[in-house]
Amino acid sequence: MTAAHDAANTAQPNASFTIAIYLVITGLSAACGLIIEIVAGRMIAPYLGMSLYTWTAVIAVVLAGFSVGHWIGGWLAEKPSGQARRAVVVSLALAGVSAALSLVLLRTLSGPVISLGFPAVPTILLLTSLLFFLPSFFVGIPSPVLTKLAIDEAPARMGTLLGAFYAIGALGSIAGTLAAGFLFISYFGSIRTVLTVALLYAAMAAILFVLDRRLEKQSLLSKQMVIPLVAIMLLAGGVLLWGRGVSAFVENCTKESAYYCIRVIDISRDVGLPARTMVLDHLGHGTNLRDRPGIFLTPYVEAQDALVGIRFKDRPQLSAFFIGGGAYTLPRAWLTRWPEAKVTVSEIDPSVTKLAHESFWLPDDPRLKVRHQDARLALASEPEHSFDVIVGDAFHDIAVPQHLVTREFFELIASRLKDDGVYVMNVVDSGAQPKLTLSIRRTLQSVFPTVELWQPFGQGGRQTFVFLAAKSPTPKKTLYSRVDPESSWHRMTQDEIAKLAKTAEPLLLTDDFAPVDRLIGVE
């Protein structure tokens, strides 16, 4: 009898081993929670875009889930140790199930939620709450419970253990953030990353379950655990079947890069010619016709091309710098039109350039130089007075990055243009209260003698404006489309701009203050 009792004591894990298990699970669960937070922004980008508002909503919802989970975990920590430990097993298993469920709900609920017609902020908050509150809630439970269980194992080391658990939670969060940003999204993609995290949650739950059975000296399939295990397995199976039914575990990106969900959409049937559109997250960033590079299906691209053509069409040579590549629609066209063209493109995402070559008929041309870095850094390294044309077409969601609309950046642009050079850029804004557009105009006027604002006829609500900044005005006041006879652009008059300015006071944008997201609004 004594020998059997000693054998049982030998089989039971010692306190140091048990505490080590608790520490590892606490750190790894914190890492997984932050991986889901980072991936969440990428998951909803194809549906809602990736902006200040989406990231704000994701962070707020995830922190809310953590907070409620920690509070429930603190309450569970007061329960008997075995009961508290098994509650953590269940919470980790449910964290895995709810992480996988977020992929299913994304495909199932995004359309109905967006179609409710709420303003942007409530829509973003509602969808992110439905998708990511539960995974964050369940992963918030283990930390306080496991910390309390560790202190019960070694009460004399309470202070040291508290510090250790706080530290491992923080280190896990850091590791998860770095892993998501630099490893998982770029190499696994969002869907496989979420499924990997779900499997890690399941593995942690299994390890803690086995530990609990040893500490309680009970068999793995005791009566009190059969029902919870079967229920979780049935729930997980239901999520997997539902997910397969809605293709939730199939990548919907042609390529998911470190920056975008990139999709190549074939529109040949709609156009009647071989044609493709590049979609970055949820917005089109260029449409190319295979055999007609000089025909533009995107109105603002056609307007920019026309403004440049008016000034430089009779020249054999054109030097141009593009802020943003996208489908490389204009660079491809200008290389075809100007035999001696020299085109430099600053495109931050190498995957965008690769797909432009593979799917959008961008040629390998010695006259084309591509720089995969931030446009401001790339332009600053170019010699002064190098370019006839600089084109601004870089966006995060529908907003121009704020460091690309400031007076300091426009001064850099002016220094890189030749004496008769022009800067053209497009801006998406409200047609009735274009606060951002008017602020960019005011900022451009602080640098350039001539600033023109071109507006499409017949557009309401959100619309795309085109700026031209130079030393001299454009000789035309109206641009007519070659593609759509009913489409045209007109140069806004001072009276038209003054009328808009009464409803939207313009700001001078600087590196110190350029509130692009607030100015563009969230209609």
Side-chain angles (χ1 to χ4, degrees), residues 300-301 303-313 315 318-324 330 334 344 346 375-380 382-395 399-429 434-455 464-479 489-498 500-501 504-514 516 519-520:
Y300 80 83
V301 175
Q304 290 175 329
D305 177 73
L307 289 170
V308 171
I310 289 170
R311 294 173 183 257
F312 301 103
K313 64 180 179 180
R315 299 187 185 184
L318 182 79
S319 57
F321 185 97
F322 285 85
I323 300 168
L330 274 180
W334 291 359
T344 302
S346 175
R376 188 160 173 173
L377 295 175
L379 189 59
E382 295 287 344
E384 292 187 355
H385 312 301
S386 298
F387 302 103
D388 298 304
V389 183
I390 296 177
V391 180
D393 189 13
F395 285 84
V400 184
Q402 67 178 45
H403 69 297
L404 301 182
V405 294
T406 65
R407 179 176 58 192
E408 292 85 351
F409 181 59
F410 292 151
E411 289 172 346
L412 173 64
I413 287 174
S415 71
R416 283 355 185 224
L417 286 173
K418 296 179 181 178
D419 189 60
D420 60 347
V422 298
Y423 174 56
V424 293
M425 72 172 293
N426 54 294
V427 180
V428 180
D429 206 349
K435 298 178 183 179
L436 176 61
T437 298
L438 294 176
S439 296
I440 291 175
R441 178 177 179 271
R442 177 183 173 186
T443 307
L444 281 168
Q445 285 180 318
S446 70
V447 177
F448 290 91
T450 297
V451 177
E452 300 172 355
L453 181 58
W454 293 77
Q455 183 183 37
T464 302
F465 296 88
V466 170
F467 280 104
L468 182 141
K471 289 187 176 180
S472 61
T474 303
K476 292 187 178 182
K477 296 181 179 180
T478 305
L479 304 174
W489 292 68
H490 83 286
R491 188 172 67 197
M492 296 184 69
T493 65
Q494 292 295 331
D495 289 343
E496 289 173 322
I497 294 172
L500 285 176
E505 175 109 12
L507 301 176
L508 181 67
L509 306 176
T510 67
D511 284 349
D512 180 60
F513 184 65
V516 169
L519 291 173
I520 201 170

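Remember, predicted model here, so these are calculated numbers, not experimental data.
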Enquirer: Compare all side-chain heavy atoms of I440 with those of F465 and state whether any distance is below 4.5 angstrom.
Expert: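 Heavy-atom side-chain distance check fails, nothing below 4.5 Å.
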Enquirer: Taking C-beta and beyond as the side chain, do L509 and F410 meet within less than 4.5 Å on heavy atoms?
Expert: no
Enquirer: Find out whether Q455 and L453 are in side-chain contact, i.e. whether some heavy atom of one side chain is under 4.5 Å from a heavy atom of the other.
Expert: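 Q455 does not reach L453 side chain to side chain.
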Enquirer: Which residues pass the side-chain contact (heavy atoms from CB on, under 4.5 Å) test with D305, not counting sequence neighbours?
Expert: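 With sequence neighbours excluded, D305 shows a side-chain contact (heavy atoms from CB on, under 4.5 Å) to F296, L330, W334, R337, given in chain and number order.
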Enquirer: Keeping Q304 on the side-chain end and V391 on the backbone end, is there a donor-acceptor pair under 3.5 Å?
Expert: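 Checking the backbone N and O of V391 against the side chain of Q304, no donor-acceptor pair under 3.5 Å is found.
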Enquirer: Is any side-chain heavy atom of T406 closer than 4.5 Å to a side-chain heavy atom of T443?
Expert: no
Enquirer: Minimum heavy-atom separation for F409 and L379, please, with both atom names.
Expert: CE1-CD2, 4.2 Å
Enquirer: Is the shortest heavy-atom distance from the side chain of R416 to the side chain of E384 under 4.5 Å?
Expert: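 Answer yes - side chains close enough.
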Enquirer: Which residue pairs pass the salt bridge (Lys or Arg N to Asp or Glu O under 4.0 Å) test with at least one member in residues 468-479, sequence neighbours excluded?
Expert: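 For residues 468-479, and leaving out neighbouring residues, the salt bridge (Lys or Arg N to Asp or Glu O under 4.0 Å) pairs sorted by first residue read D419-K471.
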Enquirer: For the residue pair L307 and L479, establish whether any side-chain heavy-atom pair is separated by less than 4.5 Å.
Expert: yes
Enquirer: If you measure from CZ on R311 to CG on D420, what distance do you get to the nearest 0.5 Å?
Expert: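 Interatomic distance, R311 CZ to D420 CG, rounded to 0.5 Å: 8.5 Å.
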Enquirer: Just checking, any donor-acceptor pair under 3.5 angstrom between side chains of T464 and N426?
Expert: no
Enquirer: My understanding is that only residues two or more places apart in sequence, or in another chain, count here; which of them pass side-chain contact (heavy atoms from CB on, under 4.5 Å) with T344?
Expert: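 With neighbours one apart ignored, the set is F321, K369, R371, E382, F387.
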Enquirer: Please determine whether the number of non-hydrogen atoms from other residues, nucleotides or ligands lying under 6.0 Å from atom NZ of K313 exceeds 12.
Expert: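 At most 12 heavy atoms, drawn from other residues, nucleotides or ligands, come within 6.0 Å of this atom.
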Enquirer: Closest approach of R376 and D511, non-hydrogen atoms and distance?
Expert: NH2-OD2, 2.7 Å
Enquirer: Counting C-beta onward and ignoring hydrogens, is there a side-chain heavy-atom pair between S346 and I323 closer than 4.5 Å?
Expert: no
Enquirer: Can you measure from CG (L412) to CG (L417) and round to the nearest 0.5 angstrom?
Expert: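 Between L412 CG and L417 CG, I get 9.5 Å after rounding to 0.5 Å.
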Enquirer: Mind checking the CD-NZ spacing from E505 to K435? Nearest 0.5 Å is all I need.
Expert: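 One gets 10.5 Å once the value is rounded to the nearest 0.5 Å.
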Enquirer: Would a distance-only check, ignoring hydrogens and angles, find a side-chain to backbone donor-acceptor pair under 3.5 Å from D429 to L436?
Expert: yes
Enquirer: Which heavy atom of F467 sits nearest a heavy atom of T437, and at what distance?
Expert: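 In this case the closest contact between F467 and T437 is CZ-O, 3.1 Å.
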Enquirer: How long is the span from the CG atom in L500 to the CE atom in M492, to the nearest 0.5 Å?
Expert: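 The CE atom of M492 is 4.5 Å from CG of L500, to the nearest 0.5 Å.
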Enquirer: Determine whether Y300 and W454 make a side-chain contact, defined as any pair of heavy atoms from C-beta on separated by less than 4.5 Å.
Expert: no
Enquirer: If you take all heavy atoms of P401 and A394, which pair is closest and at what distance?
Expert: CD-O, 3.3 Å
Enquirer: I need the minimum non-hydrogen distance between V400 and V516, along with the two atoms involved.
Expert: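 Heavy atoms of V400 and V516 come nearest at O-CG1, 3.5 Å.
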Enquirer: Atom CD in Q402, atom CZ in F513: separation rounded to 0.5 Å?
Expert: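 Spacing of CD (Q402) from CZ (F513) equals 10.0 Å.
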Enquirer: Could you pull out the closest heavy-atom pair between E496 and R491, with the gap in Å?
Expert: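 Between these two residues, the closest heavy atoms are OE1-O, 4.3 Å.
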Enquirer: Rounded to the nearest 0.5 Å, what's the gap from CZ on R407 to CZ on R442? Could you check?
Expert: 9.5 Å
